[in-house]
There are 2 protein chains.
Amino acid sequence: MIQDTAVSDLERPLTPRALEVVSAAREEFAAFGYAGATTDAIARRAGVSQPYVVRLFGSKERLFLRCALEAHRAVMDTFRQAIASTDERPVRESVLGAAYHDLVEDGTTLKLIVQQNSMGDDKAIGPVVRAWFLEVYGILRHEAQLSEVSAREFLARGMLINQLLALGLTETEDPGSKELLHYLAPTGERPAPGR
Amino acid sequence: MIQDTAVSDLERPLTPRALEVVSAAREEFAAFGYAGATTDAIARRAGVSQPYVVRLFGSKERLFLRCALEAHRAVMDTFRQAIASTDERPVRESVLGAAYHDLVEDGTTLKLIVQQNSMGDDKAIGPVVRAWFLEVYGILRHEAQLSEVSAREFLARGMLINQLLALGLTETEDPGSKELLHYLAPTGERPAPGR
DNA sequence: GTCTATATAGCGATAGAC
DNA sequence: GTCTATCGCTATATAGAC
């Protein structure tokens with residue numbers, strides 16, 4: 001069970017080495033989830049010993065929380081930068097969509113978000129991820145000033161993209177799946193040069 | 001790692017007792033995922049001993065695959081029944097939405113789907129869930145005959161609902177979250193008697 | 001068909017050397 | 001700051017009794 005960890009602890013500055021471990025942890029947690037990832041795999045990916053990973057962060061739980069908070073902030077910062085880039089209100093959805101595309105490109109962040117969102121029944125992290133989710137929705141509604149319907153539809157498209165990323169459908173060559181990837185294009189409309 | 005298991009094995013008929021274990025397993029896997037769930041918790045929930053759970057299905061993996069296949073079929077059957085209930089083509093989205101609402105009510109099935117969809121990086125189950133996802137999309141496109149855009153938007157709304165379910169946001173009293181739950185209403189429009 | 005007892009392995013965490 | 005050695009727990013799986 002993930003314990004209550006002070007945010008200040010999660011924001012403690014890290015040595016370059018520790019940052020490499022966080023990076024490795026993000027990949028492992030994004031791919032296999034909190035329960036499925038192992039500190040050993042994280043250590044091997046980072047090129048350090050397993051006990052050192054635990055030593056650096058106190059526990060697997062605290063390392064996970066740091067990764068999770070980082071992913072959440074990446075999403076919020078991305079939207080806030082997009083919102084700050086224009087004076088239009090409501091912010092055009094294509095502006096927000098283009099910002100989201102940046103998150104899609106790194107891949108890991110959104111896959112980690114999917115893992116977090118599947119932990120609603122976890123006693124400790126459940127309340128946290130619920131609050132985070134509502135926080136993102138709040139940004140769309142009150143900072144980007146999207147209507148109720150627009151915010152919901154935008155969020156829904158985001159959730160589909162997240163699922164496609166988590167599933168790994170963005171890397172298949174399946175012809176039938178190509179049309180499903182439409183939302184992943186950088187902007188709403190693509191030129192479609194050939195036809 | 002989840003091994004290759006013949007479908008015939010997953011369809012072997014079960015004794016009433018074994019069905020109770022499957023039911024318990026579905027709940028545990030839906031809440032905590034494949035890695036996070038334990039055969040011990042499944043056994044306790046079903047009121048049997050832990051070794052008996054393993055004995056009944058051979059391994060935790062095979063039990064999970066049975067639960068996963070069951071959830072996938074529940075989704076497909078639900079859509080196919082809705083499609084068969086009308087001659088209109090494309091099928092009206094409200095008809096499909098109402099059918100989806102039945103799945104929302106039991107809760108477990110869609111939470112299990114979310115867990116499965118977060119296992120794209122699993123060597124054995126990844127390819128399976130990718131195929132299943134495309135199968136559902138195929139039903140929307142070619143059996144319900146939704147347009148590319150309609151199918152995608154409908155699927156996107158479904159993914160948002162799934163996330164809200166997995167997060168447990170359907171059970172909160174948070175006033176700011178209420179408007180987000182709009183899609184969970186039985187039909188598109190609600191009377192809203194009070195205002 | 002179902003249990004108790006137990007083997008076996010994997011993993012997170014600790015101790016202590018360098 | 002980082003490693004090696006290792007502990008102790010937990011979890012899956014097996015053996016065998018009833």
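All chains are named by letter (A, B, ...) in the order of the sequence lines, taking the proteins before the strands, and each is independently numbered beginning at 1. All heavy atoms count here, side chains included; hydrogens, waters and symmetry mates do not. Note that the structure is predicted; figures quoted are calculated from it, not measured.
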Discussion item. Does the plane of the ring in A/Tyr100 sit parallel, tilted or perpendicular to the ring in A/Phe79? Use 30° and 60° as the thresholds.
Written reply: parallel
Discussion item. Mind checking if A/Arg17 touches a base, just sugar-phosphate, or nothing, with heavy atoms under 4.0 Å?
Written reply: sugar-phosphate
Worksheet item: What distance do B/Arg141 atom CZ and B/Leu155 atom CG have between them, rounded to the nearest 0.5 Å?
Response: 12.0 Å
Worksheet item: Rounded to the nearest 0.5 Å, how far does CE of B/Met119 lie from CG of A/Leu167?
Response: 11.5 Å
Worksheet item: Which two nucleotides bound the region of DNA chain C that has atoms under 4.0 Å from heavy atoms of chain B, read 5' to 3'?
Response: C/dG1 to C/dA5
Discussion item. Pair B/Glu11, B/Arg73 - check salt bridge (charged side-chain N to carboxylate O under 4.0 Å, His left out), show working.
Written reply: CA-CA 12 Å; B/Glu11 287 171 342; B/Arg73 294 215 168 138; 2.7 Å; yes
Fill in: Main-chain N/O of B/Arg80 paired to B/Glu143 side chain as donor or acceptor, under 3.5 Å
no
Worksheet item: Counting any heavy atom closer than 4.0 Å, what does A/Val48 reach on the DNA or RNA strands: base, sugar-phosphate only, or nothing?
Response: sugar-phosphate
Discussion item. Check whether B/Tyr183 forms a cation-pi arrangement with A/Arg152 (NZ or CZ under 6.0 Å from the six-membered ring centre, at most 45° off the ring normal).
Written reply: yes
Worksheet item: Counting N and O atoms only, with roles assigned by atom type, does the side chain of B/Lys111 sit under 3.5 Å from a partner on the main chain of B/Gln163, one being a donor and the other an acceptor?
Response: no
Pairwise N/O distances under 3.5 Å, protein to nucleotides 4-11 of chain D:
none

Worksheet item: Going by the angle between their ring planes, with limits at 30° and 60°, are B/His72 and B/Trp132 parallel, tilted or perpendicular?
Response: parallel
